[in-house]
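A short worksheet on the structure shown next.
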Amino acid sequence: MKITALNGFKDIVPGEVELWQRVETAARAIFSRFNFSEIRMPILEKTELFARSIGETTDIVEKEMYTFVDKQITMRPEATASLLRAYIQHGLHVQKPIQRLFTIGPMFRHERPQKGRLRQFHQMDVEVIGAQNPRVDAELMAMGALLLEELGVTVSLELNSLGCPACRPGFRETLLAFIEDRYEALCDDCKRRSNTNPLRVLDCKNPSCRAQVEEAPSIQEHLCGECSDHFAVVQEGLQQLGVNYTLNKFMVRGLDYYTRTTFEFITGDLGAQAAVGAGGRYDGLIEQLGGPKVPGIGFALGMERLVLLLQQQEEMESAQGEIDIFVAGLGEAASEFVFPLVHALRRKGLRAAMDHEGRSLKSQMKQANKAGAKRVLIIGDNELEQGQAVLRDMQTQEQEEIPIASGVDKLAGSLFAAC
RNA sequence: GUGGGUGUAGCUCAGCUGGUGGUAGCACCUGGUUGUGGCCCAGGAGGUCGUGGGUUCAAGUCCCAUCACUCACCCCA
């Protein structure tokens, strides 16, 4: 039996990896423009960290984590908890009252794989810690929207507020009363959810449940004064920055730590996994994890989903790397000469390649062409005897003779000047 | 965890109601030019038809099991 990658784990091979690099390069550029610094955390953390932040009763913690049970450690299922742990551990709040941080890397969840959802997946995660101003919420969403725009993917931004510990319990009761009248009409999942987390009933996909909650009370109308003011300024900010959004009173996030602002970047082109990016505010979380009493907000972008969108929105022009020069050696003596020459060219900074299989000139020319070589240097027995090699320009097809007798380093220098 | 779909060359796939695995396309190698790429032409290499059982004179094809992949539910980025 052949050994293959694990179910839900994927290789990113040449031809596809270029798209990933594009996504990552664009993201780093944008994050930098918005004054974010990179932070990198380990993939393994104590299990307790995720239980305390994401929520003991969430699906992620209950059944989706890769945990080494005997060691009480877990491969991170998301980035925020690890990032906040690092923030607290290093006392970053002392260095700067407001920290703007991003991280890029793999996350792990043991779910059944499907389109846009893998067991090892990759997120670009952005967090602003220490900022209470609602404008920061708008600024973050504007940054996400700008990145997606620059990548050329079209998404819609959906916005909601989940309130805070002061007003959410009240809404929860209001909603529960509404749900109880319709309890029998709900799907089995929603019956269960109405006990554990009634807000979740709001975003059930089951059509009959949707119909039932259509007229459900909106949390947006049950916010306390502070949350309501906050939500209003967030929306003003989005308008000021020209970011389009729609309010969605049914949007509930799956992680327990969210408060107030929550949002999702949604696409219609990925099947069931419609969220390309999502996030929100988590004002009590840092304190809950043993840190200072500071607010926070952040969001994550799913890289697999971005790459899928890029793949289907434009026919992959496989712009694989091109090289500066291919050195074709003909025969054993020439190969002896070419081997160190190619290395000398690379030391000069040129992207250089050669053939090691002793193939015909025709074959080597094909290789050079496939590698996208701008020039080919041809050296055979004739050239060695005469002390002149042939340098061919692959675009213009022009060839010139250049002296090779003065040694590899000099030749590499003159080739570097020529390229 | 629950459903559906699909497994034939490195990739994309033909293969009808069982009767010798495809001149299929892309990719790869060689040649058409004693030492010159892209286009074209010719040739070549590459497969335990996912795996294991069963039915049959005969199974890629039918049946069962199993594994893998995939889509959806659930959940989420």
Side-chain angles (χ1 to χ4, degrees), chain A residues 1-10 13 15 54 58-65 77-80 104-126 144 148 155 187-190 192-193 197 200 203-206 251-255 263-267 270-280 298-309 318 326 328-331 334 357 359-383 389-399:
Chain A
M1 188 59 196
K2 266 189 292 189
I3 297 179
T4 59
L6 293 171
N7 189 15
F9 290 71
K10 279 265 184 313
V13 294
I54 298 169
T58 57
D59 281 14
I60 294 178
V61 171
E62 274 187 344
K63 51 193 188 195
E64 294 175 359
M65 297 204 302
E78 59 116 35
T80 303
I104 299 175
M107 312 293 157
F108 304 85
R109 290 183 203 170
H110 190 98
E111 303 177 271
R112 198 70 166 262
Q114 69 187 71
K115 184 172 185 168
R117 188 178 75 186
L118 295 175
R119 289 181 172 173
Q120 176 178 333
F121 60 104
H122 300 78
Q123 288 188 339
M124 304 188 293
D125 188 73
V126 181
L148 293 166
V155 296
C187 68
D188 291 346
D189 282 323
C190 281
R192 176 176 53 78
R193 278 190 280 247
N197 188 351
R200 284 292 190 73
D203 72 348
C204 181
K205 284 187 198 129
N206 187 311
M251 189 177 74
V252 181
R253 313 294 353 279
L255 286 67
F263 56 94
E264 291 184 354
F265 292 101
I266 304 283
T267 174
L270 285 183
Q273 310 306 318
V276 176
F299 72 97
L301 292 160
M303 295 184 75
E304 277 78 6
R305 294 176 187 183
L306 278 174
V307 168
L308 278 172
L309 285 175
S318 58
F326 187 98
L330 303 171
E357 309 305 319
R359 293 213 242 247
S360 69
L361 178 58
K362 175 174 179 167
S363 171
Q364 295 197 46
M365 291 299 289
K366 282 188 179 179
Q367 288 178 57
N369 186 54
K370 241 171 281 169
K374 292 180 200 147
R375 282 164 233 277
V376 175
L377 184 72
I378 301 167
I379 301 178
D381 292 340
N382 299 344
E383 284 74 15
V390 175
L391 183 62
R392 176 181 178 86
D393 185 305
M394 293 294 273
Q395 266 100 57
T396 65
Q397 307 189 24
E398 283 165 13
Q399 302 194 164

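Each chain gets a letter, A, B and so on, in the order its sequence line appears, and its residues count up from 1.
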Pairs touching residues 112-125 of chain A that satisfy salt bridge (Lys or Arg N to Asp or Glu O under 4.0 Å), sequence neighbours left out
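Non-adjacent pairs meeting salt bridge (Lys or Arg N to Asp or Glu O under 4.0 Å): A:E111-A:R117.
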Roughly how many Å apart are B:U6 and B:C13, using the C1' atom of each and rounding to a whole number?
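To the nearest whole Å, 13 Å.
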Any chance you could list the contact pattern along nucleotides 34-42 of chain B? Use B for base contacts, S for sugar-phosphate-only contacts and - for none, protein heavy atoms under 4.0 Å, 5' to 3'.
-BBBB----
Report the secondary structure of RNA chain B in dot-bracket form, marking unpaired bases with a dot and bases paired to a different strand with |, and treating Watson-Crick or G-U pairs with both distances under 3.5 Å as paired.
(((((((..((((.....[..).))).(((((.......))))).....(((((..]....))))))))))))....
Is the shortest side-chain N/O distance from [X] to OP1 or OP2 of [N] below 4.0 Å?
X: A:S363; N: B:U30; result: yes
X: A:K10; N: B:U70; result: yes
X: A:R200; N: B:C76; result: yes

A:E304 CD to B:C71 P: how many Å, rounded?
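In whole Å, B:C71 P and A:E304 CD are 13 Å from each other.
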B:C76 C1' sits how many Å from A:I60 CD1, rounded?
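My rounded result for the distance is 6 Å.
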Among A:Q120, A:H122, A:Q123, A:K10, which residue satisfies the side-chain hydrogen bond (donor to acceptor under 3.5 Å, both in side chains) criterion with A:E304?
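Single side-chain hydrogen bond (donor to acceptor under 3.5 Å, both in side chains) partner of A:E304 among A:Q120, A:H122, A:Q123, A:K10: A:H122.
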Do A:R112 and B:C76 have a side chain to base donor-acceptor pair shorter than 3.5 Å?
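Answer is no: no donor-acceptor pair is held.
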Candidate nucleotides B:A77, B:U70, B:C76, ranked by approach to the side chain of A:Q123 - the nearest
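For A:Q123, the side-chain atoms sit closest to B:A77.
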Nucleotide nearest A:Q114 (side chain, heavy atoms from C-beta), chosen from B:A72, B:U70, B:A77:
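Nearest nucleotide to the side chain: B:A72.
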